[in-house]
Amino acid sequence: MTYIFISIAIAMNVFQNFCSKKCSDSIGGISDAIIVNVLRGFLCGILALLGLMITGTKIIIDLPTLLISILSAVSLGVCLICTVMALKEGAIVLINVFGTAGLIIPCIAGWFLFDEKFTFLQFVGVIILIIAMLMLVGYNTKLKGKTSPKLIVLSILALISNGFVMLSQKMFTSYVPNGSVYTFTFLSFGITAILLLLAFKPMGGNLSKPLPIKKTWHYILGLAISIFLINQLITNCSATISSILLFPMFNGLGLVFSTIMSAILFKEKMTKQGIIGMFLSLVGLVIINGIF
């Protein structure tokens, strides 16, 4: 059953990337990105609340649940904003690999926090993954004409924040073994939406221009559903599978299928450099996965 959950999560990951790209094509700047993600957060929170009501689960919020949910919420907010903004000028495969590389954080943290092994060979896999990212930066430059410092910063922030999203999922199932994943999801996305609203003005947001809601509402809904399901499924799976196995499997296969999707639907032609970069990223993921 666990691998069925992972398969569904991978399919949702591809759908999420599709919807994120569509939203990024419509937003004008940081204001639109914040509002899109506030709506996405509230929708995810509503879905989690419905899950709680359907299953008859009581909302029990103890201190570990609250603290881990706050970590998850802050990480989600940063990751969602950076990913949507980065997709405005970067290739999907580039942003995907940077986001995927975030798995380094839970894999290394798992060594200290959850007594999960992290070998020298897996460290080599991390180095290969970093080389793959550098190659894909070059691929993006050839595809888009340039790779701006802004894109690099956004991609690195997406890497770090996505890593902490994955870490928080593992922390919840490890430190709150009897906790409700619906409650965790509800708090994570609800707090994310509130934090983004509070950050709207300080981050330079204004509502003087029309929001692209009419053009993107169905993509925002698709994002909410896909991210909600991914969070539920991966958090549940993290209770039975080690970080070193779960996250490389989920992110690696998601990367392959998302790259195929971007080539078909968004005409992001894969050059020799892009193919090598993606191949190296998969090799790195396989090594980190402990298959070799």
Side-chain angles (χ1 to χ4, degrees), residues 1-23 36-57 59 65 68-69 72-73 75-77 79-80 83-84 87 92 95-96 99-100 102-103 106 158 161-173 176 179-193 216-241 243 245-258 260-261:
M1 197 67 180
T2 298
Y3 289 98
I4 293 176
F5 283 172
I6 294 174
S7 298
I8 296 171
I10 290 168
M12 288 297 100
N13 178 257
V14 176
F15 183 56
Q16 175 196 345
N17 285 321
F18 169 77
C19 292
S20 292
K21 181 62 176 176
K22 283 292 188 180
C23 284
V36 164
N37 284 296
V38 165
L39 292 172
R40 171 165 49 179
F42 276 125
L43 286 171
C44 286
I46 290 170
L47 289 171
L49 192 58
L50 287 173
L52 286 165
M53 294 171 63
I54 292 171
T55 59
T57 305
I59 300 178
T65 297
I68 296 170
S69 296
S72 174
S75 303
L76 273 168
C79 184
L80 295 174
T83 298
V84 170
L87 283 170
I92 290 177
I95 312 306
N96 233 353
T100 298
L103 63 87
S161 56
N162 193 42
F164 277 99
V165 169
M166 290 184 270
L167 177 60
S168 65
Q169 292 168 336
K170 184 67 179 180
M171 288 175 68
F172 179 74
T173 56
V176 194
S180 165
V181 177
Y182 282 119
T183 299
F184 174 63
T185 301
F186 172 69
L187 288 173
S188 294
F189 287 103
I191 295 172
T192 296
T216 60
W217 70 267
H218 44 303
Y219 297 124
I220 296 172
L221 180 60
L223 278 171
I225 293 171
S226 58
I227 292 176
F228 167 75
L229 288 174
I230 290 170
N231 196 68
Q232 286 290 120
L233 295 169
I234 295 301
T235 302
N236 275 301
C237 290
S238 67
T240 56
I241 299 182
S243 304
L245 176 61
L246 173 62
F247 295 114
M249 185 189 307
F250 167 66
N251 288 287
L253 291 174
L255 170 64
V256 172
F257 290 118
S258 292
I260 294 171
M261 178 273 295

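Using a 4.5 Å heavy-atom cutoff, the side chains of Leu80 and Val84 are not in contact. Inter-residue side-chain proximity for Ser168 and Phe184 is flagged as met; some heavy-atom pair is nearer than 4.5 Å. By the 4.5 Å heavy-atom criterion applied to side chains, Tyr182 and Phe228 are counted as neighbours. Annotation: side chain of Ser20 is in contact with side chain of Arg40 (closest heavy-atom distance under 4.5 Å). Annotation: side chain of Leu47 is not in contact with side chain of Phe189 (no heavy-atom distance under 4.5 Å). Taking the side chain as every heavy atom from C-beta outward, Asn37 and Leu223 never approach each other to under 4.5 Å. Residues Gln16 and Asn13 meet the side-chain proximity criterion, which asks for heavy atoms closer than 4.5 Å.
Taken from CD1 in Ile220 to CG in Leu39, the straight-line distance is 5.0 Å, to the nearest 0.5 Å. Once rounded to the nearest 0.5 Å, the distance linking NZ of Lys170 with SG of Cys237 reads 10.5 Å. Note: Ile6 CD1 to Ile230 CD1 = 12.5 Å, rounded to the nearest 0.5 Å. The OG1 atom of Thr185 lies 8.5 Å from the CG atom of Leu52; values are rounded to the nearest 0.5 Å. To the nearest 0.5 Å, the span separating CZ on Phe172 from OG on Ser69 amounts to 6.5 Å. Once rounded to the nearest 0.5 Å, the distance linking OG of Ser7 with CE of Met12 reads 11.5 Å.
Thr83 pairs in a side-chain contact (heavy atoms from CB on, under 4.5 Å) with only one of the listed residues (Ile95, Asn162, Asn17), which is Ile95. When Phe250, Phe5, Phe15 are each tested for a side-chain contact (heavy atoms from CB on, under 4.5 Å) with Ile10, only one passes: Phe250.
Listed here is the closest heavy atom pair of Gly254 and Val14: O-CG2, 4.2 Å. Smallest separation of non-hydrogen atoms from Ser188 and Ala73: O-CB, 3.2 Å. The nearest pair of heavy atoms linking Met261 to Phe18 is CE-N, 3.7 Å. Smallest separation of non-hydrogen atoms from Gly163 and Pro106: O-CD, 3.6 Å.
Here the side chain of Ser72 pairs no donor or acceptor atom with the backbone of Ile68 at under 3.5 angstrom.
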*asked:* side-chain contact (heavy atoms from CB on, under 4.5 Å), that's the test. Do Ile59 and Leu49 meet it? Break it down for me.
replied: CA-CA 9 Å; Ile59 300 178; Leu49 192 58; 4.2 Å; yes
*Going through the distances and angles, do Ile92 and Leu87 end up as a side-chain contact (heavy atoms from CB on, under 4.5 Å)?*
CA-CA 7 Å; Ile92 290 177; Leu87 283 170; 3.9 Å; yes
